Number of protein chains: 2
Amino acid sequence: MQFANDFVVNRRSGGVSGMDEMTEAKLWTNPCPFAFRLNYLALRYNTPCYGWVQKTEGLSRIEYVVIYSIALCEGGQARDIAHSSGFPKNSLSRAMAKLEKEGLIYREQDESDRRNQSLYLTENGRALFDRTVAVFEMREREMLDGLKEDELKTLSNLLAKVVLNCAPLSDEIPDSFNPQEAGKTET
Amino acid sequence: MQFANDFVVNRRSGGVSGMDEMTEAKLWTNPCPFAFRLNYLALRYNTPCYGWVQKTEGLSRIEYVVIYSIALCEGGQARDIAHSSGFPKNSLSRAMAKLEKEGLIYREQDESDRRNQSLYLTENGRALFDRTVAVFEMREREMLDGLKEDELKTLSNLLAKVVLNCAPLSDEIPDSFNPQEAGKTET
DNA sequence: CTTATTTAGTTCCATATAGAACTTGACATC
DNA sequence: GATGTCAAGTTCTATATGGAACTAAATAAG
């Protein structure tokens, strides 16, 4: 099998990084090396951070995502959280109900369209965010530690470019997708 | 609405990308922009791809991860899949049992240490991988479409650098972590 | 040669999760 | 001003999930 891909780096020095063979294979000889690196790094970020809020604040990942989302976009709606985070709306509904009962968020029904409810942090909710966000920032900083200032900027710009490129893509792959066609260059 | 864009990228042209306000905020005015971009891109990759294998092959995400992992690292062990994917070992155990019953994988007990079992794809399992992997490759290609050849290389190298930097990091954040200390430079 | 510790993998089971159906409201069409 | 369609959120419920306890094997310590 051929992995002709820019993302394949010649790094199979056999355990230089102290990783197991499978992780090494997934990183360096993977037909989808970009996707794996994304998922791997996301994992190395999410696991410790959300584990920590769970322990220290008793909030599940989805509950903290709600807090975080509102903190960044005061007055946003559940639908936006669903869309930006990928959590299904029913799970979010449950999370919001709990957070509201605990006095961390509140909702206001939109007068112009009464199906919509805008979400806000209470004082307690804001305080919680303020005292926890530093851990997330620290973890991110720690992960990016090895990059120089200009590399950091470049990485940020390139990821932004990929994000913008992805924005209009459809998330539907037809059932009848034919792998044979996949290799051909698309205009 | 305008977002003060003090962070890295100057791209707030106001909805050019057709995203909702919250997603925009999370992308461009986020204390952890790197982490969010990772998670966002991972989501935009995982959702369509694993949704597609579910529909077309009847395999759940974790089941396909097992197949994929073995395909990349023949003879690997369950522990390695757990470590490289983040799935708990009991869920993997269940997934492997199902895949074995369906004749897609088989296991061989290691003679030198009989706790270990090496994992292999059957002919059917390999065929399944071969006919599905193109969809994953296509999605990755599609996502990276906007990047030029040299940008792709740069991105690949920078992500690799971050991965290597993360490898030795601990995933434990002490319960008693003090955010006040977070800003200070750690030796 | 015990006895304790560690590791790989499995089983058990309480609970989290997410699909599907439902409710309510907006808005379009006739 | 009915009737149909679509969108936001909630509720219901069957199932997937993952923590904890367990088994079995290797290794270390006494």
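All of these numbers come straight from a predicted model, not from anything done at the bench. Order of the sequence lines sets the chain letters (A, B, ...), proteins ahead of strands, with each chain counted from 1.
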Separation of [X] atom [atom1] from [N] atom [atom2], in whole Å?
X	N	atom1	atom2	result
A/I81	D/dA7	CD1	C1'	17 Å
A/Q117	C/dT24	CD	P	14 Å
A/K55	D/dG19	NZ	P	13 Å
B/D20	D/dA8	CG	P	11 Å
A/N116	D/dT10	CG	P	11 Å
B/H83	C/dG9	NE2	P	14 Å
B/Q77	C/dT10	CD	C1'	16 Å
A/L43	D/dG18	CG	P	12 Å

State, with a plain yes or no, whether a side-chain heavy atom of [X] is found less than 4.5 Å away from one of [Y].
X	Y	answer
B/T132	B/W52	yes
B/F87	B/V66	no
B/Q54	B/S60	yes

* Have a look at A/D20 and tell me which of B/H83, B/R79, B/Q77 forms a side-chain hydrogen bond (donor to acceptor under 3.5 Å, both in side chains) with it. =>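 Exactly one option meets the side-chain hydrogen bond (donor to acceptor under 3.5 Å, both in side chains) with A/D20, and it is B/H83.
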
* **Residues B/R139 and B/E142 bridged, charged N to O under 4.0 Å** => yes

* Asked: Touch check for A/N90, heavy atoms < 4.0 angstrom, all strands: base, sugar-phosphate only, or nothing?
  -> base

* Under-4.0 Å side-chain N/O to phosphate OP1/OP2 contact, B/S93 with C/dG9 -> no

* For C/dA18, does either OP1 or OP2 sit under 4.0 Å from a side-chain N or O belonging to A/S91? ->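 The answer is yes; a side-chain N or O of A/S91 sits under 4.0 Å from OP1 or OP2.
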
* Can you check whether B/Y50 and B/Y45 have ring centres sitting under 6.0 Å from each other? -> no

* Asked: Does B/D80 or A/K89 map to a spot on DNA chain C nearer the 5' end, using the closest nucleotide for each?
  ->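 The answer here is B/D80.
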
* With the side chain of B/A78 defined as its heavy atoms from C-beta on, choose the nearest nucleotide among C/dG25, D/dA8, C/dG9. => C/dG9

* Using a distance-only test with no angle check, is there a side-chain donor-acceptor pair under 3.5 angstrom linking A/Y68 and B/N30? ->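 There is such a pair (donor and acceptor under 3.5 Å, judged by atom type) between the side chains of A/Y68 and B/N30.
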
* To do: Check each residue of residues 94-112 of chain B for a non-hydrogen atom within less than 4.0 Å of any atom in DNA chain C, then write out the ones that pass by number, or none.
  =>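 Contacts with DNA chain C under 4.0 Å: B/M96, B/R107.
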
* **Any N/O donor-acceptor pair, A/R115 side-chain to C/dT24 base, under 3.5 Å** =>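 Checked by distance alone, the answer is no.
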
